[in-house]
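See below for the structure under consideration.
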Amino acid sequence: MRFHILTLFPEMVEQGLQTSIIGRAIEKGLLFVETVNIRDYTLDKHKKVDDYPYGGGAGMVMQAQPIYDAHLAVVEKVGYRPRCIYLTPQGEVFSQKTAKEMANEEELILLCGHYEGVDERVLEEIVTDYMSIGDYVLTGGELPAMVLVDAISRMVPGVLKNQESGETESLEGNLLEYPQYSRPEVWNGKNVPSILLSGNHQKVDEWRREQSILRTKERRPDLFKKAKLTEAEWKKYGENR
Ligand code: ADE
């Protein structure tokens, strides 16, 4: 899977993605993250990439030409037009479902905006998807782009050591993950739930399933309504759903 990130702050993205699991996957050649510095494509002799908004108002707007040419350079290199995602609070809210779906792409272009925004005309020309990471406003698209790269990458086969953990954890079937415990057996006067020490795998699985359901119901009632439960489970846990 190859990501091409169009940004004015390539170092920020590079540094953010070179550690831990994503860094390891890049080293292994499972992922390829290329940053493209939009400023390298400006035709302005002072390397300017933004200007005042027509109609007035606060802040600056990123101009169309450098973004268009940076995008064109990626398209020419790749040989076709990959999906191009513009990170913006005006987009569809990113979810685990979208992360999984996007992990099937060979190439993805992520466009990071800055300042008050980007000239609408270049967005109309190049953007295929508008994505938000939540209902709050950040100073730029770099953090959201990193969020997408992380969430999408871990759905790419081989990136996680134990592929299973990509499937069984939080949000599969709209359920939160069950609580986890590790050694020691007693810490700070608190015991590990005894069922986890029983060695009875079926009982452990049942307990975990129940914990997932109860936790989702309590902490994320919005998700719980959409959870994938059996009829028997809805009867048991779902009153006043
Ligand atoms: N750019 C600024 N805020 C954003 C957000 N919440 N999601 C995606 N891109 C953004």
Side-chain angles (χ1 to χ4, degrees), residues 1-42 47 49-50 59-60 62 66-67 70-71 73-75 77-78 82-118 122-123 126-163 165-166 169-171 177:
M1 167 115 211
R2 301 166 81 87
F3 296 95
H4 308 268
I5 306 178
L6 311 184
T7 170
L8 287 174
F9 301 96
E11 335 72 56
M12 177 177 178
V13 177
E14 283 158 15
Q15 286 192 1
L17 294 173
Q18 74 193 10
T19 40
S20 189
I21 295 174
I22 303 304
R24 191 184 68 202
I26 293 171
E27 270 175 27
K28 278 208 262 173
L30 289 167
L31 299 176
F32 177 91
V33 180
E34 175 200 50
T35 54
V36 179
N37 191 339
I38 294 167
R39 199 176 296 279
D40 290 346
Y41 289 85
T42 179
K47 293 262 170 206
V49 290
D50 59 348
M60 302 291 269
M62 284 172 72
I67 294 174
H71 176 264
V74 173
V75 171
K77 185 165 159 183
V78 170
R83 274 168 93 170
C84 176
I85 301 157
Y86 176 48
L87 288 313
T88 167
Q90 298 181 16
E92 175 191 329
V93 178
F94 186 64
S95 65
Q96 190 63 33
K97 184 165 163 255
T98 313
K100 264 191 181 171
E101 184 225 315
M102 288 184 171
N104 294 317
E105 302 287 337
E106 286 291 311
E107 316 262 351
L108 276 180
I109 301 176
L110 303 178
L111 171 61
C112 307
H114 247 272
Y115 315 118
E116 287 309 303
V118 171
V122 70
L123 299 178
I126 69 171
V127 172
T128 59
D129 302 76
Y130 293 79
M131 279 282 150
S132 165
I133 63 160
D135 292 336
Y136 41 82
V137 181
L138 300 165
T139 54
E142 283 74 16
L143 285 169
M146 287 155 71
V147 167
L148 262 68
V149 170
D150 190 292
I152 295 167
S153 296
R154 55 196 294 297
M155 290 295 117
V156 171
V159 169
L160 297 183
K161 280 212 176 104
N162 175 3
Q163 194 54 35
S165 55
E169 67 196 350
S170 269
L171 301 182
E177 200 182 8

Do any side-chain atoms of residues 4-15 form donor-acceptor pairs under 3.5 angstrom with protein atoms, and if so which ones, sequence neighbours left out?
from	atom 1	to	atom 2	distance (Å)
His4	ND1	Glu34	OE1	2.6
His4	NE2	Glu107	OE1	2.6
Thr7	OG1	Phe9	N	2.7
Thr7	OG1	Glu142	OE2	2.6
Glu14	OE2	Thr35	OG1	2.4

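- Here the closest non-hydrogen pair linking Val118 and Gly113 is CG2-CA, 4.0 Å.
- The CD1 atom of Ile126 sits 7.5 Å away from the CD1 atom of Ile109 when rounded to the nearest 0.5 Å.
- Between Glu105 and Met1, the closest side-chain pair of non-hydrogen atoms falls below 4.5 Å.
- The two residues Met155 and Ala103 make their nearest non-hydrogen contact at CB-CB, 3.6 Å.
- Under a cut-off of 6.0 angstrom, the local environment of NZ in Lys97 is sparse, with at most 12 non-hydrogen atoms contributed by other residues, nucleotides or ligands.
- In terms of heavy-atom proximity, Phe3 sits nearest to Leu110 at CD2-CD1, 4.3 Å.
- When atom types are taken as modelled, the side chain of Ser132 and the backbone of Val93 share no donor-acceptor pair closer than 3.5 angstrom.
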Before giving the answer on side chain to side chain contact (heavy atoms under 4.5 Å, CB included), spell out for Ile26 and Gln18 the whole-Å C-alpha distance, their side-chain angles and the decisive distance to 0.1 Å. CA-CA 8 Å; Ile26 293 171; Gln18 74 193 10; 6.0 Å; no
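- Atom NZ of residue Lys28 and atom CD1 of residue Ile21 lie 10.0 Å apart, to the nearest 0.5 angstrom.
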What verdict does the side chain to side chain contact (heavy atoms under 4.5 Å, CB included) test give for Asp129 and Met102, after you've listed the backbone C-alpha separation in whole Å, the side-chain angles of each residue and the deciding distance to 0.1 Å? CA-CA 11 Å; Asp129 302 76; Met102 288 184 171; 4.2 Å; yes
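- Residues satisfying the salt bridge (charged side-chain N to carboxylate O under 4.0 Å, His left out) criterion with Glu101, sequence neighbours excluded, are Arg83.
- Met131 has its side chain within reach of Phe94: a pair of non-hydrogen atoms, C-beta onward, lies under 4.5 Å apart.
- In this structure, Cys112 and Ile38 approach most closely via the heavy-atom pair O-CD1, 4.3 Å.
- Minimum interatomic distance between Glu92 and Thr98 (heavy atoms only, all atoms of both residues): OE2-OG1, 3.9 Å.
- A pairwise comparison of heavy atoms in Asp150 and Ile22 identifies OD2-CG1, 3.7 Å as the closest pair.
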